[in-house]
Amino acid sequence: MTTIPSRLAKLTTTVGSWEEARKASIVAYRAWYRSAPDIVQLYALNVAPSLVRLKFRQDFERNRDTITDLSVMNVMLLKNQQEYQETMNAWKQEPHVMQWFKRYDDPAPPKTFLEKFYASRDDPAQVSSF
């Protein structure tokens, strides 16, 4: 597929009210939701489109009640559009897209001294080769 830099480009706009922000968020969510099968095919991901859609839903829901400033909402909408354009124009590689799921695949990081010690015992990077 040929990369066209202006593909999916939008003019930078700001929202003036929470109602406009809500509508812009729904438009952005629908764009991501509809593009999930294309993303899976474009990057040859080993996950189902339904899992990609679930991840999109979790990200949008995570930010639903935490953003209370309209200027922060404007920045989030702009970053969302940038991320969407970069993803759909294939300006990323598979590891960049799979990073979305990293938090769910990795075990919890060790917290106590002994957990950190036990985790480093089997780590080949910590053991010098003879």
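Quick note: numbers below take in every heavy atom, side chains included, and nothing from hydrogens, waters or symmetry partners. Since this is a predicted model, take the numbers as computed values, not measurements. Sequence positions, counted from 1, serve as the residue numbers for this chain.
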Looking only at non-hydrogen atoms, find the nearest pair between [X] and [Y] and report the distance.
{"X": "V40", "Y": "V47", "value": "CG1-O, 3.5 Å"}
{"X": "Y43", "Y": "Q93", "value": "CD2-C, 4.1 Å"}
{"X": "P37", "Y": "R34", "value": "CD-O, 3.6 Å"}
{"X": "A36", "Y": "P49", "value": "CB-O, 3.9 Å"}

Report whether [X] and [Y] are members of the same hydrophobic cluster (ILVMFWY, side-chain heavy atoms less than 4.5 Å apart, transitive linking).
{"X": "M88", "Y": "V27", "value": "no"}
{"X": "V72", "Y": "L77", "value": "yes"}
{"X": "V15", "Y": "I26", "value": "no"}
{"X": "F60", "Y": "L54", "value": "yes"}

[atom1]-[atom2] distance between [X] and [Y], expressed to the nearest 0.5 angstrom:
{"X": "L42", "Y": "E94", "atom1": "CG", "atom2": "CD", "answer": "11.0 Å"}
{"X": "D69", "Y": "M76", "atom1": "CG", "atom2": "CE", "answer": "12.5 Å"}
{"X": "K92", "Y": "I39", "atom1": "NZ", "atom2": "CD1", "answer": "8.5 Å"}
{"X": "T87", "Y": "H96", "atom1": "OG1", "atom2": "NE2", "answer": "10.5 Å"}
{"X": "R64", "Y": "S25", "atom1": "CZ", "atom2": "OG", "answer": "9.5 Å"}
{"X": "L51", "Y": "F56", "atom1": "CG", "atom2": "CZ", "answer": "10.0 Å"}

Practice task
Tell me, please, which residues at least two apart from Q41 pass side-chain contact (heavy atoms from CB on, under 4.5 Å).
Solution key: none

Practice task
Determine, step by step, whether E61 and R57 satisfy the salt bridge (Lys or Arg N to Asp or Glu O under 4.0 Å) criterion, reporting the C-alpha distance in whole Å, the side-chain angles of both residues, the deciding distance to 0.1 Å, and the verdict.
Solution key: CA-CA 6 Å; E61 289 291 330; R57 178 67 183 239; 3.2 Å; yes

Handout entry: salt bridge (Lys or Arg N to Asp or Glu O under 4.0 Å) against E19, all qualifying residues, sequence neighbours excluded
Key = R22

Exercise for the section: Output all residues satisfying side-chain hydrogen bond (donor to acceptor under 3.5 Å, both in side chains) with E86, sequence neighbours left out; order by chain, then residue number. Expected result: Q82

Exercise for the section: Quick one: sort the Y84 and W32 rings into parallel, tilted or perpendicular, breaks at 30° and 60°. Expected result: perpendicular

Practice task
For the pair S35 (side chain) and D38 (backbone), establish whether a donor and an acceptor sit closer than 3.5 Å, ignoring hydrogens and angles.
Solution key: no

